[in-house]
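This is a predicted model, so every value here is computed, not measured.
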Amino acid sequence: MELWQLPVTEVAALIREQRVSAVEVAESCLARVEAVNPELNALADVRPEETLADARRADAAVAAGEELGPLHGVPVSTKINTPQRGALMSHGVAAMAGMRAAHDDASVAALRAAGAVFLGRSNAPAFSVRWFTENEPHGRTLNPWSASHTPGGSSGGAASSLAAGMTPLAQGNDIGGSIRFPAACCGVVGVRPTVGLVSNWIAPEDTGPEPPLTVQAWAVQGPMARTVADARLALHAMAGADLRDPFGVPALPAPAAPPAGPVRVGVVRDVGIAKPHPAVDAAVTEAARWLADAGYEVEEIELPLLAEAARLWSLLLFEDLRPGIPGMLEMADEPLRVHMRYAFEHAAGLWGEEPGLPAYLGGWARRATLITRLQEMLGTGMLLLTPVSAEPPFEQDADILDPDRGRSLVDAQWPMTSLPVLGFPGVSVPAAVADGLPIGVQLIGGRFAEDLVLDAAQAVEDRAPRIAPPAFS
């Protein structure tokens, strides 16, 4: 196999044992980028000289016998909305196309401390808002499985680059499915951690205006990778106590003791918002069967609180965004303007044109109740299995071509939007291929139960067919 094809765990071990050099790995990935990125446009800012300089420093550290981090020498992409010192930070907006970050944000600093080598900035939609990846300064990112279907968004460039072999590891962020949905669309693994486990701190010089409360309380940074083991390794490297993040943890939680008996898995297929597509439903059925085969105690359940959380997403997020929308739309491209119009229409259908302060405050209070109820259920060691979306990967521009279709996409994404409101961890793992497109499933656990969730994701991955885009394998 070529070095670019190897998993993170193997690359890190080979570099640590001096069986290959970090420079050789970087050169292999850069050659892969040169070969396939012109077609897919997944990475927006690749600077080979800087990548190779980082790799040479990594090799020098190995030769000197220095203490090495868990990702030492492993190439990683970072997203164009995430500060990385000296790197492009355009947010996919023409007016910001030349901006570069002055500092690393906490998640990028953690990757750097773990020894990762930075290889390019992954593309995203303007302001990372859509479930599609296209913008004025950097253009459209394609899905390696199908150019006519979205690679997902907003971390679509990250998912596309992983599936096509450009990088073995990627950083993404998620406030409404932006890690988990692209992972499912491209057939890779995406982890949305518990809020606070991976610091979301950004240096004041790089933040701009203070972010809305929902961004502070819901948005997370997390890893995307081609295997569950790689995602687990990266998550552990990125996690850390950081009280500069207003929702950061003061200390990392101790590893949970193994459950005394079989772990229960509640299968939630439909919460009454959008009926699952037959291919999606079949993937959930297969994943449930694989988990039962692995010794999990699987049962079908109803969980209306996920529907309520998805509806709260449309209230709390959009009311938080409302004051900043005029400025955002002034800089936005036309697709984002259309997307936001349809999204606000969807929210208005649920909450009215102007919900007002009482509804907003009531929404935050209700959110707290839902969190408590779900933690009471999952805190005993139970997991949930859901679709990633009620639909397979959407056709390109499905959110902006027709008002009814645009609004229906929000309904289809109830598994994506409910989880950020609640702040629980979720993992998107590939489970099937239908009509030439990958289908993922989502596993959800109690707060800070990431390893329990990843164990179940590993059981699915171990039993699923090999999932990789044929033209880019």
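- Other residues, nucleotides and ligands contribute only 12 or fewer heavy atoms inside 6.0 Å of the CZ atom of Arg447.
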Inset, instruction - Show your working on side chain to side chain contact (heavy atoms under 4.5 Å, CB included) between Tyr296 and Leu383 and close with a plain yes or no. - result: CA-CA 10 Å; Tyr296 289 82; Leu383 301 174; 4.2 Å; yes
Inset, instruction - Could you walk me through whether Leu3 and Cys29 pass the side chain to side chain contact (heavy atoms under 4.5 Å, CB included) test, one step at a time? - result: CA-CA 8 Å; Leu3 290 175; Cys29 288; over 6 Å; no
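- Between Gln375 atom CD and Phe448 atom CZ the span is 9.5 Å, to the nearest 0.5 Å.
- Between Phe394 and Phe181, the ring planes are tilted. Angles from 30° to 60° get that label.
- Between Asn200 and Asp245, the shortest heavy-atom contact is N-OD2, 3.0 Å.
- Ser154 places no side-chain N or O within donor-acceptor distance of the main-chain N or O of Pro125, the cut-off being under 3.5 Å.
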Inset, instruction - With side-chain hydrogen bond (donor to acceptor under 3.5 Å, both in side chains) as the test, would you mind laying out the steps for Thr227 and Asp230 before giving the verdict? - result: CA-CA 5 Å; Thr227 72; Asp230 289 354; 3.3 Å; yes
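- Checked by atom type and distance alone, the side chain of Asn123 never pairs as donor or acceptor with a backbone atom of Ala44 at under 3.5 Å.
- Considering only heavy atoms from C-beta on, Leu43 comes within 4.5 Å of Ser77 through its side chain.
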Show me the side-chain donor-acceptor pairs of residues 421-431 shorter than 3.5 Å, one per line, residues at least two apart or across chains.
unit_1 : atom_1 : unit_2 : atom_2 : d
Ser428 : OG     : Arg180 : O      : 3.1

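- Between Ser148 and Gln396, the side chains place no donor N or O within less than 3.5 Å of an acceptor N or O (distance only, hydrogens not considered).
- Using a 4.5 Å heavy-atom threshold, the side chains of Arg367 and Trp218 count as touching.
- Remark: the His339 side chain and the Asp399 side chain contain an N/O donor-acceptor pair separated by less than 3.5 Å.
- In this structure, Gln216 contributes its side chain and Pro211 its backbone to a donor-acceptor pair below 3.5 Å.
- Going from atom CZ of Arg373 over to atom CG of Leu303 covers 11.0 Å, rounded to the nearest 0.5 Å.
- The residues Glu391 and Arg405 are annotated as salt-bridged, a charged nitrogen and a carboxylate oxygen being separated by less than 4.0 angstrom.
- Remark: side-chain polar atoms of Ser199 are not paired, donor with acceptor, to backbone N or O of Gly196 under 3.5 angstrom.
- Crowding of Glu302 atom CD: a count of heavy atoms from other residues, nucleotides or ligands under 6.0 Å not exceeding 12.
- In this structure, Trp131 and Val410 have side chains that are in contact, with non-hydrogen atoms separated by less than 4.5 Å.
- Here the side chains of Ile301 and Met382 are in contact, with some heavy-atom distance below 4.5 Å.
- To the nearest 0.5 Å, atom CG of residue Asn173 and atom CG of residue Asn81 are 4.0 Å apart.
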Inset, instruction - Verify side chain to side chain contact (heavy atoms under 4.5 Å, CB included) between Val25 and Val117, making sure each step is shown before the conclusion. - result: CA-CA 10 Å; Val25 174; Val117 170; over 6 Å; no
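- A distance-only check finds a donor-acceptor pair linking the side chain of Asn41 to the backbone of His138 [under 3.5 Å].
- No donor-acceptor pair under 3.5 Å is formed between the side chain of His91 and the backbone N or O of Val93.
- The distance from atom CD of Gln5 to atom CD of Glu10, rounded to the nearest 0.5 Å, is 11.0 Å.
- Put simply, the side chain of Thr167 reaches to within 4.5 Å of the side chain of Leu162, judged on heavy atoms.
- Contact record, Leu40 with Ala164: CD1-CB, 3.4 Å, taken as the closest heavy-atom pair.
- Residues that satisfy the side-chain hydrogen bond (donor to acceptor under 3.5 Å, both in side chains) test with Glu34, not counting sequence neighbours, are absent from this structure.
- Shortest non-hydrogen contact noted between Thr380 and Met377 is OG1-O, 3.1 Å.
- Arg337 has a carboxylate O that lies under 4.0 Å from a charged side-chain N of Glu334, or vice versa, which qualifies the two as a salt bridge.
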Inset, instruction - List the steps and the verdict of side-chain hydrogen bond (donor to acceptor under 3.5 Å, both in side chains) for Gln442 and Thr386. - result: CA-CA 5 Å; Gln442 177 174 237; Thr386 76; 3.0 Å; yes
Legend entry - Trace of the side chain to side chain contact (heavy atoms under 4.5 Å, CB included) decision for Ser146 with Leu437: CA-CA 7 Å; Ser146 167; Leu437 294 170; 3.8 Å; yes
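- Looking at Thr285 and Arg269, their side chains do bring a donor and an acceptor atom within 3.5 Å of each other.
- Phe127 places none of its side-chain heavy atoms less than 4.5 Å from the side chain of Met340.
- The main-chain N or O of Thr150 is never found under 3.5 Å from a side-chain atom of Thr133 such that the two would form a donor-acceptor pair.
- Inter-residue side-chain proximity for His346 and Ser314 is flagged as met; some heavy-atom pair is nearer than 4.5 Å.
- Between the side chain of Ser160 and the main chain of Gly156, no donor-acceptor pair closer than 3.5 Å is present.
- For CG of Asp435, the number of neighbouring non-hydrogen atoms (other residues, nucleotides, ligands) closer than 6.0 Å is 12 at most.
- No donor-acceptor pair closer than 3.5 Å links the side chain of Ser90 to the backbone N or O of Met96.
- One finds a salt bridge joining Arg140 and Asp397 here, because a Lys/Arg side-chain nitrogen approaches an Asp/Glu carboxylate oxygen to under 4.0 Å.
- The minimum heavy-atom distance between Pro335 and Ile400, with the atom names listed, is O-CG2, 3.4 Å.
- The backbone N or O of Trp4 sits nowhere less than 3.5 Å from a side-chain atom of Arg32 that would complete a donor-acceptor pair.
- How far CD1 of Ile444 is from CG of Leu452: 13.0 Å, rounded to the nearest 0.5 Å.
- Of the inter-residue distances, the one linking Met238 atom CE with Leu233 atom CG reads 11.5 Å to the nearest 0.5 angstrom.
- For residues 453-473, the set of pairs meeting the salt bridge (charged side-chain N to carboxylate O under 4.0 Å, His left out) definition, not counting sequence neighbours, comprises Arg232-Asp455, Asp293-Arg463.
- At least one side-chain heavy atom of Ser128 sits under 4.5 Å from a side-chain heavy atom of Lys79.
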